[in-house]
Amino acid sequence: MSFPTTRLRRLRRTPILRRMVRETHFSASDLILPLFAVPGQGVEHPISSMPGVFQHSVDRLVETAQAAFDEGIPAVLLFGIPEFKDDVGSSSWSPKGIVQQALQALSKQIPDLVTIADVCFCEYTDHGHCGVLEAQEVDNDLTLANLAKQSVSLAEAGASIIAPSDMMDGRVGVIRGALDDAGFSAVPILSYAAKFASAFYGPFREAAESAPSFGDRRGYQMDPANLREAMREVELDVEEGTDMIMVKPALPYLDVLSHLRQSFDHPLAAYHVSGEYAMIQAAAEKGWIDGDRVLMESLLSIRRAGADLIITYGAREAARLLNTGWEP
Ligand code: PBG
């Protein structure tokens, strides 16, 4: 039956009708807040390309995590800017490492908070690449051993979930084995399964001080043109035992999210990355868009495409809007 019998506008007439037929919802409990830990005390250093995002010393990071937790955000994703960098990133597996310190403080002071530890080396190496270099290339297999060390060290410090973002082949299996051998068989893995070599990571590299000193990451992160390869990446991580999977970035890759949702039953996360957040903030600052509405529409779309969980720098803003009755 078509027009004039069918009129789709009938169910759009009032807010209550729209609410009744709305297909996609999300709440603060679907959101994950990324945080950056730096050495020191009382540090809250703003990131110029990400208004509202800071590098925090552990004391301030705990306060921010507590505020987010009180707003209904169940989890944080931790990155660290270490005291020193070297060619392999050894400060990432030191028991006194910056993320290890943050994890110890968080698990003591906010025991119910879910702490997700990013596993990678780009913040910890003096060359800014995500692993061990051999003739100017990141060596996959040499890097695997270090990923295992970093993961176990983060689990020992209290990480609830281990999240490898390095894009080495075989990392999930190696990390799973290392965690199990060290007595952490209960610690889940959230793999950055389909992580693309994206220009949208620009502002993050300011926040994490992790820009590569030469070249780029195209030799290990995925080609933005490839959907079928994303399916293979996820298949392999699933075979190796990942508990959850992630697509990153989010908005430019909604098709990838949607395909993965149809093919895998694993909990699916999307990373709404730094550049996606920065674009909203910049345009809102200029008065060109309504930043709150664009943020919420972005997050809703990521959910509609199939994500269960969304990692976003706008998590607290979104939680506040949701808690005060925001609707599309
Ligand atoms: C570390 C890592 C990156 C991001 C998350 N983990 C940067 C990169 O791969 O260069 C980017 C996150 C963002 O842009 O918000 N490997």
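On a predicted model such as this, the values are computed, not experimentally measured, just so you know. Atoms within each ligand, like the ligands themselves, are counted from 1 in listed order. Any value given below was found using the heavy atoms of this structure, including those in side chains, with hydrogens, waters and symmetry copies removed.
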Distance dump, ligand 1 polar atoms to protein, N/O, under 3.5 Å:
| residue | atom | partner | partner atom | Å |
| --- | --- | --- | --- | --- |
| ligand 1 | 6 (N) | K248 | NZ | 3.2 |
| ligand 1 | 9 (O) | K195 | NZ | 2.7 |
| ligand 1 | 9 (O) | Q221 | NE2 | 2.8 |
| ligand 1 | 10 (O) | R205 | NE | 2.8 |
| ligand 1 | 10 (O) | R205 | NH2 | 2.6 |
| ligand 1 | 10 (O) | R217 | NE | 2.8 |
| ligand 1 | 10 (O) | R217 | NH2 | 3.4 |
| ligand 1 | 14 (O) | S274 | N | 3.3 |
| ligand 1 | 14 (O) | S274 | OG | 2.7 |
| ligand 1 | 15 (O) | S274 | N | 2.8 |
| ligand 1 | 15 (O) | Y313 | OH | 2.6 |
| ligand 1 | 16 (N) | S165 | OG | 3.3 |
| ligand 1 | 16 (N) | K195 | NZ | 3.1 |

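If you look at F79 and F204, their ring centroids are closer than 6.0 Å. Outside the 6.0 Å centre-distance limit, the rings of H272 and Y313 are not counted as a close aromatic pair. The aromatic ring centres of F196 and Y253 sit less than 6.0 Å apart.
Using a 4.0 Å cut-off between charged nitrogen and carboxylate oxygen, E63 and R60 count as a salt-bridge pair.
For the side-chain hydrogen bond (donor to acceptor under 3.5 Å, both in side chains) test with R171, the passing option among N140, T143, D166 is D166; the others fail.
The closest side-chain donor-acceptor pair between D180 and S185, if any, does not fall under 3.5 angstrom.
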